[in-house]
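The figures here come from the full heavy-atom set of this structure, side chains too, leaving out hydrogens, waters and symmetry mates.
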Amino acid sequence: MKLHSSSTQQYQTVTGYFDGGVEINATPYQHSLTVMPETPPQPWPVAAFEELTEAHFEAIAATSPDVVILGTGERQRFIHPRLIATLSGRRIGVECMDNQAACRTYNILMGEGRKVTLALILQAPAA
C-alpha cells in the first residue's frame, strides 16, 4: 500500500484553541461559530449551551453536512434529541463533546474528506 500525505491547507482547519477561543487557519475567534471545510467560519448566535434551540440546528441542517460535531464548551454536555430533530430526520449525525475534543475530531474528519460541520459554543473565560 502506498501512503502519501494530503494537504488540508485549502480547507478551514482548526490551528489552535485557547480559553474562550479558537484559531481557524491561524485567525483567532472568540465568539460561537460554525466551521465547514470549504467555507469561511460563520458566526453562530449561541452565547451558552442553555440557549440552544431547534432553530440553531435547522440553520446547520440547511448546509446538508454528513455529521455535526457540537463543541459544548469546556466540558462535554449532551443535547436533547428534541433540539436536533431536524438533523436526525435528515439522517445527519450529531456528536457532542468538549470544545478541544470537537476541534480535534473536526480536523480528523475534515482531513478524511468528510462533509462535516463544527459548531462551537465559545464563552468568555470565567473571571
Side-chain angles (χ1 to χ4, degrees):
M1 176 180 346
K2 187 174 187 179
L3 298 176
H4 48 72
S5 64
S6 63
S7 173
T8 59
Q9 291 178 343
Q10 72 271 27
Y11 299 116
Q12 305 302 314
T13 304
V14 177
T15 53
Y17 40 79
F18 50 92
D19 284 344
V22 65
E23 286 184 0
I24 307 297
N25 293 349
T27 301
Y29 294 87
Q30 292 183 292
H31 56 79
S32 297
L33 70 160
T34 59
V35 184
M36 296 181 302
E38 297 178 350
T39 58
Q42 299 294 311
W44 198 36
V46 179
F49 181 84
E50 296 78 17
E51 295 180 9
L52 287 170
T53 67
E54 294 93 342
H56 292 117
F57 295 100
E58 289 168 4
I60 291 172
T63 64
S64 301
D66 292 334
V67 65
V68 175
I69 305 300
L70 175 61
T72 59
E74 291 184 16
R75 65 184 176 93
Q76 182 180 26
R77 299 173 78 178
F78 295 98
I79 194 77
H80 193 283
R82 167 182 51 81
L83 297 177
I84 57 171
T86 300
L87 295 170
S88 301
R90 293 175 135 189
R91 303 182 60 83
I92 298 170
V94 178
E95 297 293 333
C96 300
M97 50 194 77
D98 67 70
N99 283 352
Q100 291 184 7
C103 289
R104 292 188 301 268
T105 303
Y106 165 81
N107 277 354
I108 291 168
L109 295 176
M110 182 268 310
E112 293 175 349
R114 300 278 305 272
K115 190 171 181 185
V116 58
T117 295
L118 173 63
L120 280 179
I121 300 170
L122 297 173
Q123 294 177 270

Show every donor-acceptor pair shorter than 3.5 Å between a side-chain atom in residues 94-104 and any protein atom, with sequence neighbours excluded, or say none if there are none.
unit_1: Asp98; atom_1: OD1; unit_2: Gln100; atom_2: N; d: 3.1
unit_1: Asp98; atom_1: OD1; unit_2: Ala101; atom_2: N; d: 3.0
unit_1: Asn99; atom_1: OD1; unit_2: Thr72; atom_2: N; d: 3.4
unit_1: Asn99; atom_1: OD1; unit_2: Gly73; atom_2: N; d: 3.1
unit_1: Asn99; atom_1: ND2; unit_2: Ile121; atom_2: O; d: 2.9
unit_1: Arg104; atom_1: NH1; unit_2: Tyr17; atom_2: OH; d: 3.0

For Thr34, side-chain contact (heavy atoms from CB on, under 4.5 Å) partners two or more places apart: Gln42, Trp44, Ile60, Thr117, Ala119
Which residues share a side-chain contact (heavy atoms from CB on, under 4.5 Å) with Pro28, sequence neighbours left out: Phe18, Glu23
Heavy-atom check, side chain of Phe57 versus side chain of Thr86, under 4.5 Å: no
Set of residues satisfying side-chain contact (heavy atoms from CB on, under 4.5 Å) with respect to His31, sequence neighbours excluded: Tyr29, Leu33, Pro43
Set of side-chain contact (heavy atoms from CB on, under 4.5 Å) partners for Ala59, sequence neighbours left out: none
Single-linkage hydrophobic cluster Val67~Tyr11, side-chain heavy atoms < 4.5 angstrom: yes
Rounded distance [0.5 Å steps], CD in Glu58 versus CG in Leu83: 10.5 Å
Under 3.5 Å donor-acceptor pairs involving side-chain atoms of residues 46-56, not counting sequence neighbours:
unit_1: Glu50; atom_1: OE2; unit_2: Arg77; atom_2: NH1; d: 2.6
unit_1: Glu50; atom_1: OE2; unit_2: Arg77; atom_2: NH2; d: 2.8
unit_1: Glu51; atom_1: OE1; unit_2: Ala47; atom_2: N; d: 3.4
unit_1: Thr53; atom_1: OG1; unit_2: Ala55; atom_2: N; d: 3.3
unit_1: Thr53; atom_1: OG1; unit_2: His56; atom_2: ND1; d: 3.2
unit_1: Glu54; atom_1: OE2; unit_2: Arg82; atom_2: NH1; d: 3.2
unit_1: His56; atom_1: ND1; unit_2: Thr53; atom_2: N; d: 2.9
unit_1: His56; atom_1: NE2; unit_2: Pro45; atom_2: O; d: 3.1

Residue pairs, two or more places apart or on separate chains, that pass ring-ring contact (aromatic ring centres under 6.0 Å, His included) and touch residues 74-123: none
Whether Arg90 side chain and Ala61 backbone form a donor-acceptor pair below 3.5 Å: yes
Within one Ile-Leu-Val-Met-Phe-Trp-Tyr cluster: Val35 and Leu70, side-chain cutoff 4.5 Å: no
Spatial distance of atom CE (Met110) from atom CG (Leu118) [nearest 0.5 Å]: 10.0 Å
Pairs meeting criterion side-chain hydrogen bond (donor to acceptor under 3.5 Å, both in side chains) with involvement of residues 60-71, two or more places apart: none
Connected via hydrophobic side-chain network under 4.5 Å: Ile69 and Ile79: no
Sole candidate of Thr27, Leu120, Thr15 that passes side chain to side chain contact (heavy atoms under 4.5 Å, CB included) when paired with Val22: Leu120
Interatomic distance, Gln30 atom CD to Leu122 atom CG [nearest 0.5 angstrom]: 8.5 Å
